[in-house]
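A short write-up of the structure that comes next.
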2 protein chains.
Amino acid sequence: MPQHDAHARLAVSTVIFALSPDDAGAAGGTAGDLAPGRPASLRIPLVRRLREPGLGRWALPGGWLPVDEALDAAAARTLHETTGLAPAYLEQLYTFGEPDRSPGERVVSVVYWALVHSDEVLRAVSDENVRWFDEDALPDLAFDHAAVIGYALARLRTKLEYSRIAHALLGETFTMAELRQVHEAVLRRRLDPANFRRTMESSGTLVDTGERLAGTRHRPPALYRFDPARTPVTSPTSAGPPHAASVTAPAPPATGTHSKDTP
Amino acid sequence: MPQHDAHARLAVSTVIFALSPDDAGAAGGTAGDLAPGRPASLRIPLVRRLREPGLGRWALPGGWLPVDEALDAAAARTLHETTGLAPAYLEQLYTFGEPDRSPGERVVSVVYWALVHSDEVLRAVSDENVRWFDEDALPDLAFDHAAVIGYALARLRTKLEYSRIAHALLGETFTMAELRQVHEAVLRRRLDPANFRRTMESSGTLVDTGERLAGTRHRPPALYRFDPARTPVTSPTSAGPPHAASVTAPAPPATGTHSKDTP
DNA sequence: GCAAAAGTGTTCTCCATACACCCATGG
DNA sequence: CCATGGGTGTATGGAGAACACTTTTGC
C-alpha cells in the first residue's frame, strides 16, 4: 500500500444491527418471527476482506469517501452495496483515527451505526463473503473493528434508555412481547412484562392497531404500530443541526456488488 | 484554493468552553472569581480568519491533520497553539463533512470539545485575532461553525446531567456555590442550593478540604476538591475503548503562534 | 380443565423538588 | 441586630421495581 500523498485517507464504515431471526427459518407471521420463549439477540453483518491488510479476516462494511458525497450518504450507500439492506436508522458513531490503526497507511474512519427492520433481514445478502454474526460470537476482526463494535454496542444500549429507537429493529406492526424482546436483547437482561407494558403505553409512542395476532398457542396479543408523528424522536442531543437521520434512509442506486477494502 | 487530489482534506477543530470571569478583572481569590450574585455564563474563544474563505470572520481554533498525529493530539495541539490553553477535558464531538460546507474545497472536520479550568483562562492568549465570546453573544461565524457550536452546547448540557465534568471548568478548590453556578451556567436555569448540595455530597465525588473561604461578606463557605480517584468518571458510554481523554490533557510542544485556516 | 401467555391492580421504595427553618459572619 | 448567603430538616409527588391477580386463548 503506497502512501502517495501527505494526507490521511478518509473511509466510512457502518456497524449494522438487526434482531436475530433465529436462523433463516420459516417466513410469514409477524416481524421476523421472534420465538416467544427464549431471548432474542443482536446480529451484525460483516464482510470478508479480499485484500491486504487483514486479508481473509472479517470487517465492517464500508468504503472510501468520494469527494462529492456526504458522510451519511456514503454510509448508507456502502451499507446497501455490501449487504443489500436499507437502514431504518442511521447515526454517526465516532471517528477513529489512531495513526497506526491500519498497517502501512494512515486511515481515518468515520464510523456510523445503523438499525434495520427485522423483516428487511430476509432480503439481505448472505454468501461466502458476507455473513451475520451474533453479537456475542464475533469472529476474529480486522483492524480495530472489534473495539469499534464494542463501542457501538455500548452506544446502542445507553441510547435505548432515553430514546425510542427500538422500533427500527422491528417490522411495521408488532406485539408488546416482541417490543419487549428487543429491549431485552439490547439491554441483555429480563424486563418485567407488566411494568414494560405500562412504561411503553404511557410513553405515547405506540398506537394500538385494533388487530390481534392469531396463531399463537394461547391468548392472542394486540398488535401495535409506532405513532409516526412522535416516532422520529431521536435524542435530546438533537438540539443541534447534525446528528441522526432517523427512520427511512437514503438507499441509493443499488449495485449488488459487495467488496470494499477499508478499515 | 486548488483541489490537487481526489480526496477530501481532513481538519481538526475544537469548541472550547470556559466559565466567564466577568471581564478580565482582578486576580486572586478562588477559582476565577465568580461573582456570587449574578449567574455566570459560558465563554468560547474564537480566532479570526486570516485567509479566504471567510476572511475576517470568526472561526473555531483548529488546523489540518498531520499524517502521523492522532486526532485528539491534533486537537490538543492546535488548541494550545492558538489560545495558549491546556484543556482539563477533551472529547470528540462530531465529524462534519457536508460536501459544500467549505467553498471551493471538500473539507471534513473532526470536531472536539474541551473544557478549561477557570484559572487557566487568565493565561489565555487574547489579542486582535483571538477573542472570547459569551455563549449567547457569538459573532458572525465562518463556515458551519455556528451550528457546530450549537451542537457542542447541547452535548455539554446533556452530558452534565449524567456525568461529573463540571470540575473541569473550575480551579483546584471551590465552594459549593461556585460548583452550583457552573451547573446553572451550563444548564441555564436556577438550581435549589439545598438540593444541589445534597445531590453533590451523596455523589461521592467531592472532598471537603476542611478549609473555608474567608473574605466573603457573610458566613464563610467550605472549600471542596474533587476526589481524584473518582473524578475521571467520564460517561457510561465509555464502555468502549475510545471516547474522552478526561482530566489533564496532552498540551504538546507549544509555539505561541496562532493562526490556522481550516473549517 | 389446564397450561401459558396477555393484561390489570396494588404496594413499596427511591429520588428529585419545594420550601421552611437555623447558623454564622460582616457591617 | 440585621441583612445575606451557608447549611440542615422535612413533606410531597412521580417513576420504576416487585409481585399478586384476573383474562383469554389452544389443546
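Chain A is the first sequence line, chain B the second, and so forth, proteins listed ahead of strands; every chain is numbered from 1. Values in this document were obtained by computation on a predicted structure and should not be read as measured data.
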Exercise for review: Go through the side-chain N and O atoms of B:T95 and A:T95 and say whether any donor and acceptor fall under 3.5 Å apart.
Suggested key: yes
Review point. What is the ring orientation for A:W113 with A:F17, classed by angle as parallel under 30°, tilted 30 to 60°, or perpendicular over 60°?
Key: perpendicular
Review point. What about B:R217: does its side chain form a donor-acceptor pair under 3.5 Å with the base of D:dT4?
Key: no
Point to revise | Atom pair distance, as rounded to whole Å: CD in A:E201 and P in C:dA6 | key: 13 Å
Check your understanding: C:dG26 P sits how many Å from B:R219 CZ, rounded?
Key -> 12 Å
Check your understanding: Atom CG of A:L223 to atom P of C:dG7: distance rounded to whole Å?
Key -> 10 Å
**Study point:** Under 3.5 Å donor-acceptor pair, B:D192 side-chain atoms to C:dA16 base atoms
**Key:** no
Study note, to complete from the structure: note: B:L187, atom CG; C:dT17, atom P; distance rounded to Å ~ 11 Å
**Study point:** Nucleotide C:dT17, atom P - distance to CE of B:M200 in whole Å
**Key:** 12 Å
Practice item. Nearest whole angstrom, please: distance from the C1' of C:dG9 to the CZ of A:R197. Key: 13 Å
Check your understanding: Roughly how many Å is it from CG in A:L213 to C1' in C:dA5, rounded to a whole number?
Key -> 12 Å
Exercise for review: Return the 5'-most residue of the pair A:A194, B:R212 with respect to DNA chain D, ranking by each residue's nearest nucleotide.
Suggested key: B:R212
Check your understanding: For A:T216, which contact category applies under a 4.0 Å heavy-atom criterion: base, sugar-phosphate, or nothing?
Key -> sugar-phosphate
Review point. Under 30°, 30 to 60°, or over 60°: which ring-plane class applies to A:H167 and A:F226, parallel, tilted or perpendicular?
Key: tilted
Study note, to complete from the structure: A:R180 has its side chain closest, among C:dA24, D:dT25, C:dA6, to C:dA6
Review point. With distance as the sole test, does B:T83 use its side chain to make a donor-acceptor pair with the main-chain N or O of B:H80 at under 3.5 Å?
Key: no
**Study point:** Atom-pair distance (CG on A:N195; P on C:dA6), nearest Å
**Key:** 15 Å
Review point. Has the side chain of B:R180 got a donor or acceptor atom that lies under 3.5 Å from a matching backbone atom of B:F196?
Key: no
Review point. Do the side chain of B:R198 and the base of D:dG9 come within less than 3.5 angstrom through a donor-acceptor pair of N or O atoms?
Key: yes
